[in-house]
Number of protein chains: 2
Amino acid sequence: MNTPDTRERLLDAAQKLFVEHGIDATSLRNVTTDAEANLASVNYHFGSKDELIQAVFARHLEPLNKERIRLLDELEREAGDTPLYLETTLEAFLKPTFEMMQNQKSREFVCLLGRLFTESSELKMLIMHQFQEVQKRYFAALQRTLPHLGIIDLSWRVHFMIGAMAHTFAVPEKLSIPSSSEAYNLTEESIMQHLITFAAAGLRAPVPSQTNGDNQK
Amino acid sequence: MNTPDTRERLLDAAQKLFVEHGIDATSLRNVTTDAEANLASVNYHFGSKDELIQAVFARHLEPLNKERIRLLDELEREAGDTPLYLETTLEAFLKPTFEMMQNQKSREFVCLLGRLFTESSELKMLIMHQFQEVQKRYFAALQRTLPHLGIIDLSWRVHFMIGAMAHTFAVPEKLSIPSSSEAYNLTEESIMQHLITFAAAGLRAPVPSQTNGDNQK
DNA sequence: GTAAAATTCAAACGTTCGTTTGAAACAAAC
DNA sequence: GTTTGTTTCAAACGAACGTTTGAATTTTAC
């Protein structure tokens, strides 16, 4: 049990090093050394570095998105025709990710996922494609809950919320505010509640009366 | 005027390519080719690739932070002892950056800055150090405006706001919500107003009564 | 116009990268 | 025990990287 499959050890090492030093800055030699495997093992098990990267993401991403869809399905089935409560929708969206953060290895993955939004290249496209159904479903749910918001307003607010979420996942040092060395680290559950409170208030904010001629639906 | 200093052309090319392909993935050969300069020119003018990167940031970062401080100084001088209006504080913080986005070259820089938060390495540390005074000043201003918020609550909410802001700056394709091909691109001014509305509401959200025993000040 | 300084240039340096290879080691099947 | 298929290994490949060098070129100063 100390040494699982070479394939698994490679994925673990790659994920760890990707978080520590970034994907580009991590060489296959770093990965295989950390995994105590031969340099050629990556190309044997995955074919190439690119496919290793995709495998690192694929391992956790599909279950995560499936769970987000499942929770929304469940909520909408219970609710029938009535729109969901905003905080309930947000919690369904966020909970699977925050639960991943309980476990060290999945936590690394969440961190990697948070950073992905600001990555360049085709990798983002590929991951985003898998995320599109989740996005579409939750956006529709939010539209039903906040029908007074035009699609432009809602889109921007969702954009801001995604940013707050990604940043929370991506930046491990958490609270960047220094001051006294208090015990800042809250539980994941508590952090999620803070985020839900913040995002829900932002999403619910009254639309300011436009004083200029912007294209508002 | 078509060909400014080699030094300047190198900075422009590096900035452009950093945004397009990421810092690590951009080679000095890419930079010098794009700048129509010799490969050795980077090491001649800057010393090394690392110092080129720092120069790209230094060029715009210091004026930006200085302006943020200046605006806050001005507001606090006018207000005297009374705390600032929340939206006013946020606008002072955001306006210098959004104004940078009007110009194409500075806009690239803003994009680069937004992505920096999720970068690894010592570069972030170096940039963050320059940002610390701004952070301290604005955090104090927010504390005066929102005195009912404990430092932990406020810290997290600022964290979320920074995330929303960084994401807005970093992701150029802007609205990730597809649907109809409407004219989604608003003016920078309008986007800033959307962000201020969202962040102000999030910051002002009532603190939920804690049902569990979290460490709340 | 000439001397001095600053800049550009082509070429090469040593490293590190991702990938390939073919033999060795191991496992499973009969 | 031999055969077959899978996995590991050390070694090498060519390509691309950041950097250095020393001569050529341009700019500056007098």
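Only a predicted model underlies this, so the values are computations on that prediction, with no experimental measurement involved. Order of the sequence lines fixes the chain letters, A, B, ..., with proteins taken first and strands second; residue numbering starts at 1 for each chain. The figures here come from the full heavy-atom set of this structure, side chains too, leaving out hydrogens, waters and symmetry mates.
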J.: Can you sort out which residues in residues 37-52 of chain B have a heavy atom within less than 4.0 Å of DNA chain C? Ascending by number, please.
T.: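 DNA chain C contact set from residues 37-52 of chain B: B/Asn38, B/Ala40, B/Tyr44, B/His45.
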J.: How about A/His167 and B/His167: are their ring centres within less than 6.0 Å of each other?
T.: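 Ring centroids of A/His167 and B/His167 are no less than 6.0 Å from each other.
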J.: Note every stem involving DNA chain D: at least three consecutive Watson-Crick or G-U wobble pairs, i with j then i+1 with j-1, with both distances under 3.5 Å.
T.: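 Stems for DNA chain D, defined as runs of 3 or more consecutive pairs: C:4-26 with D:5-27, C:28-30 with D:1-3.
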J.: Looking at B/Thr6, I'd like to know whether one of its side-chain N or O atoms comes within less than 4.0 Å of OP1 or OP2 on C/dT8.
T.: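 Yes.
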J.: Within this structure, what is the CG-CZ distance for the pair B/Leu142 and B/Arg157, rounded to the nearest 0.5 Å?
T.: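 The distance works out to 11.5 Å.
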J.: Could you pull out the closest heavy-atom pair between B/Met192 and B/Phe98, with the gap in Å?
T.: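 That would be CG-CD1, 3.4 Å.
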J.: Is it the case that A/Ser41 and A/Asn38 place a side-chain donor and acceptor less than 3.5 Å from each other?
T.: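 Their side chains do not contain a donor-acceptor pair, so the 3.5 Å distance test is not met.
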J.: If you measure from CE on B/Met125 to NE2 on B/His129, what distance do you get to the nearest 0.5 Å?
T.: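 Atom-to-atom, B/Met125:CE and B/His129:NE2 are 12.5 Å apart.
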J.: Could you tell me whether the side chains of A/Glu91 and A/Thr88 share a donor-acceptor contact shorter than 3.5 Å?
T.: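 Note: A/Glu91 and A/Thr88 side chains miss the donor-acceptor criterion.
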J.: Using a 4.0 Å heavy-atom cut-off across all strands, classify A/Thr26 as base, sugar-phosphate, or nothing.
T.: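 Sugar-phosphate only.
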J.: Shoot me the first and last contacting nucleotide of DNA chain D against chain A, ordered 5' to 3', at under 4.0 angstrom to non-hydrogen atoms.
T.: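 Listing 5' to 3', DNA chain D meets chain A from D/dT6 to D/dA12.
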J.: Calculate the interatomic distance between A/Arg29 atom CZ and C/dT19 atom P; express it in whole Å.
T.: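 Atom-to-atom, A/Arg29 to C/dT19, this comes out as 11 Å.
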J.: For A/Asp34 and A/Lys16, which heavy atoms make the closest approach, and how far apart are they?
T.: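 That would be OD2-NZ, 2.9 Å.
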J.: Passes salt bridge (charged side-chain N to carboxylate O under 4.0 Å, His left out), B/Arg59 versus B/Glu8? Steps please.
T.: CA-CA 10 Å; B/Arg59 183 165 60 150; B/Glu8 208 75 10; 3.4 Å; yes
J.: Answer yes or no: does atom CD of B/Glu62 have more than 12 heavy-atom neighbours from other residues, nucleotides or ligands under 6.0 Å?
T.: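 For B/Glu62, atom CD is not crowded (no more than 12 foreign heavy atoms under 6.0 Å).
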J.: Using every non-hydrogen atom in the two residues, find where A/Leu123 and A/Phe57 come nearest and quote the distance to one decimal.
T.: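 What the structure gives for the nearest pair is CD2-CE1, 3.9 Å.
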